[in-house]
J.: 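Mind looking over this structure? Questions follow.
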Amino acid sequence: MKLLKIEVDGLPLFKEKIDICFFAQQRISEEQRDYLYPLFSTVFLNTTNVFAGINASGKTTSLKVILLALQLLLNRPINDIREKDILGQTDNVVFNIFYYSESTAEICKLETNIAFKKMASEGPVYRIVSEKLWGKKATKITSRTHLLDFGDAELLIERNNQEKFLADDISIIIAKNKEINDIPEVISLLDFTNINILPFKGKIPAEIIAYLDPSIEYLIFENDERHSIHLKFKEGNELVLFNPIELNKYLSSGTIRGIFIFTLALDILQKGGYILVDELENHFNKEIVCTIIRFFKSYKLNKNGGTLIYSTHYPELLDENDRNDNIFITKNHGGITVENLRDLLKRNDLKKSDVYQSGILTGTAPSYNSYIDLKRKFESNITSLKE
């Protein structure tokens, strides 16, 4: 199952309807085919998607929207999903999720209408008010122009809220998933943005360790009674630890985070699926971040269409993208907006970081007036202290 597009209307934190597209919309050159994932005909997926913006612009919230949509496709009850907090206490949030089933060569559209139900001790409770699932064969699609046109598509399932064995917060897509067993692997690191820990079992691949810290000989997480951790540096004695947090005494933050992300990225590249990372650059130098991005762009490594979805504060990382249609700019002025760079910048040949920092896009850097006010505050306080 591959995401094609997510449209969400009615989220209280957003100023307008959200439209996030995952397939390549711009013209595709022969060279670019090497780092896009082919679905069928002329339809290709972007295997990296980046959300860029200043602090508090809505990057993390946008990732939560995508994760909530993926969780719906995975049959997760809405009320068990951590990201449900983005729904607020609204009576009408509509998710339109377009996806492609590789096992049936079918394009589907899931329309899910979610509403606040009540407050409980654990927080707000939601229910699915109405839901429909349409499908059409991809073989009938000859161009991207009509890819998401479902005017004459077959209605596969419709929720009538009389289903005896279906909870009111679980999508009807569960029936389709049981039939074809085509759910994607999804790994979210949104809860680990500011937490550096290795919750693993088994031996970490030596190549990952050598790339991040060549002074380490091995790192093994045992599945024994005490969940012991065996760490050995070259020309040193083996250390045996019993809490992953203790690794912070011996390994750098970058090494720990790198082991975490590279190990999980390897899993997604093997299986095909999605990995979501907030602030990908945290604790890393630029080359390590670029390595992760390039692995997902490599047609030799990414044969199953694994997709990296990440946010960043660093405009330099945008230069790792040769296209505009996989870059999303978030802004927050009276509500969050998510704009595709393809719609803001028609040229692909311009250096993305220069455009981002130049102010052409507006709202991609703290305002000049805010900077002046902050500078004056510092000057005033420092002068007063000196006097």
Side-chain angles (χ1 to χ4, degrees), residues 1-11 18 20 22 39 45 63-87 90 92-118 120 122-136 150 153-191 264 267-268 270-276 304-307 309:
M1 182 185 289
K2 304 294 185 186
L3 278 178
L4 295 173
K5 189 177 188 181
I6 296 172
E7 295 176 347
V8 192
D9 197 9
L11 287 174
I18 308 161
I20 300 173
F22 298 94
L39 280 184
L45 288 183
L63 295 184
K64 286 183 176 182
V65 172
I66 298 171
L67 185 55
L68 181 53
L70 284 167
Q71 301 282 29
L72 284 173
L73 296 179
L74 292 173
N75 315 319
R76 288 284 309 279
I78 294 172
N79 293 304
D80 289 346
I81 299 173
R82 185 188 297 268
E83 291 71 31
K84 69 179 181 180
D85 62 345
I86 64 172
L87 298 172
T90 181
N92 188 32
V93 175
V94 181
F95 276 77
N96 280 303
I97 307 172
F98 301 84
Y99 68 89
Y100 174 69
S101 172
E102 291 187 294
S103 58
T104 62
E106 194 174 28
I107 303 168
C108 295
K109 174 186 175 181
L110 178 67
E111 181 186 278
T112 307
N113 191 315
I114 303 170
F116 170 73
K117 184 177 181 181
K118 63 179 181 179
E122 65 276 8
V125 177
Y126 300 92
R127 67 188 180 97
I128 296 176
V129 178
S130 62
E131 200 169 25
K132 293 179 181 179
L133 178 67
W134 293 269
K136 59 182 181 179
F150 278 79
E154 179 187 0
L155 180 62
L156 303 177
I157 314 173
E158 182 173 6
R159 193 183 199 101
N160 59 24
N161 289 317
Q162 301 299 317
E163 295 88 355
K164 291 183 179 180
F165 304 104
L166 184 64
D168 67 0
D169 66 339
I170 296 179
S171 172
I172 54 174
I173 200 173
I174 189 172
K176 184 75 171 175
N177 289 342
K178 284 184 176 179
E179 177 187 340
I180 63 176
N181 191 27
D182 190 28
I183 59 177
E185 180 85 5
V186 177
I187 294 175
S188 168
L189 300 187
L190 301 192
D191 290 338
L264 296 175
D267 186 54
I268 291 297
Q270 288 173 326
K271 298 176 181 177
Y274 297 85
I275 181 168
L276 290 85
N304 296 312
T307 302
I309 303 174

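By convention here, the first residue in the shown sequence is residue 1.
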J.: Residues two or more places apart in sequence or in another chain: which of them pass side-chain contact (heavy atoms from CB on, under 4.5 Å) with Asn160?
T.: Gln162, Glu163
J.: Can any side-chain N or O of Lys84 pair as donor or acceptor with the backbone N or O of Asn79 at less than 3.5 Å?
T.: yes
J.: After noting the C-alpha distance and the side-chain angles of Thr104 and Asp182, does the key distance pass the side chain to side chain contact (heavy atoms under 4.5 Å, CB included) rule?
T.: CA-CA 9 Å; Thr104 62; Asp182 190 28; 5.7 Å; no
J.: Locate the shortest heavy-atom distance separating Tyr100 from Ile107; write the atom from each residue and the value.
T.: CD1-CG1, 4.0 Å
J.: What do the steps show when you test Asp168 against Lys117 for salt bridge (Lys or Arg N to Asp or Glu O under 4.0 Å), and what is the final call?
T.: CA-CA 10 Å; Asp168 67 0; Lys117 184 177 181 181; 3.0 Å; yes
J.: Do the side chain of Glu131 and the main chain of Ile172 share a donor and acceptor less than 3.5 angstrom apart?
T.: yes
J.: Tell me the salt bridge (Lys or Arg N to Asp or Glu O under 4.0 Å) pairs involving residues 71-82, sequence neighbours left out?
T.: Arg82-Asp191
J.: To the nearest 0.5 Å, what is the distance between CD1 on Ile78 and OH on Tyr126?
T.: 9.5 Å
J.: Taking Asn75 for its side chain and Ile170 for its backbone only, find out whether a donor-acceptor pair lies under 3.5 Å.
T.: no
J.: For Arg159 and Val129: C-alpha separation, side-chain torsions, deciding distance, then whether side chain to side chain contact (heavy atoms under 4.5 Å, CB included) applies.
T.: CA-CA 9 Å; Arg159 193 183 199 101; Val129 178; over 6 Å; no
J.: Can you see which heavy atom on Asn177 is nearest to which on Leu73, and at what distance?
T.: ND2-O, 2.8 Å
J.: Which one of Leu70, Ile66, Asn96, Leu68 satisfies the side chain to side chain contact (heavy atoms under 4.5 Å, CB included) criterion with Ile6?
T.: Ile66
J.: Quick one, Ile180 and Met1 - any side-chain contact, counting heavy atoms below 4.5 Å?
T.: no
J.: Would you say Leu166 and Ser171 make side-chain contact, with heavy atoms under 4.5 Å?
T.: no
J.: Would you say Ile268 and Tyr274 make side-chain contact, with heavy atoms under 4.5 Å?
T.: no
J.: Quick one, Leu67 and Val186 - any side-chain contact, counting heavy atoms below 4.5 Å?
T.: yes
J.: Which atoms form the tightest heavy-atom contact between Ala153 and Gly135, and what is the distance?
T.: CB-O, 3.8 Å
J.: Return the CG to CZ distance between Leu39 and Phe22, rounded to the nearest 0.5 Å.
T.: 13.0 Å
J.: Are Leu11 and Thr90 packed together at the side-chain level, in the sense that at least one heavy-atom pair is separated by less than 4.5 angstrom?
T.: no
J.: Return the CG to CG distance between Leu156 and Leu133, rounded to the nearest 0.5 Å.
T.: 5.0 Å
J.: From Lys132 NZ over to Ile157 CD1, what is the distance, rounded to the nearest 0.5 angstrom?
T.: 13.5 Å
J.: Please report the interatomic distance CD1(Ile20) to CD1(Ile97), rounded to the nearest 0.5 Å.
T.: 11.0 Å
J.: Heavy-atom distance under 4.5 Å between the side chains of Lys176 and Ile173, does that happen here?
T.: yes
J.: Check for a donor-acceptor pair, side chain of Asn113 on one end and backbone N or O of Val94 on the other, with a separation under 3.5 Å.
T.: no
J.: Are any non-hydrogen side-chain atoms of Pro124 and Leu87 less than 4.5 angstrom apart?
T.: no
J.: State whether the side chain of Lys2 and the backbone N or O of Gly305 hold a donor-acceptor pair below 3.5 Å, judged by distance alone.
T.: yes
J.: Enter the distance from Lys109:NZ to Glu111:CD here, rounded to the nearest 0.5 Å.
T.: 5.5 Å
J.: Between Leu155 and Trp134, is there a side-chain heavy-atom distance shorter than 4.5 Å?
T.: yes
J.: Check side chain to side chain donor-acceptor pair (under 3.5 Å) between Thr307 and all other residues, then give those that pass, not counting sequence neighbours.
T.: none
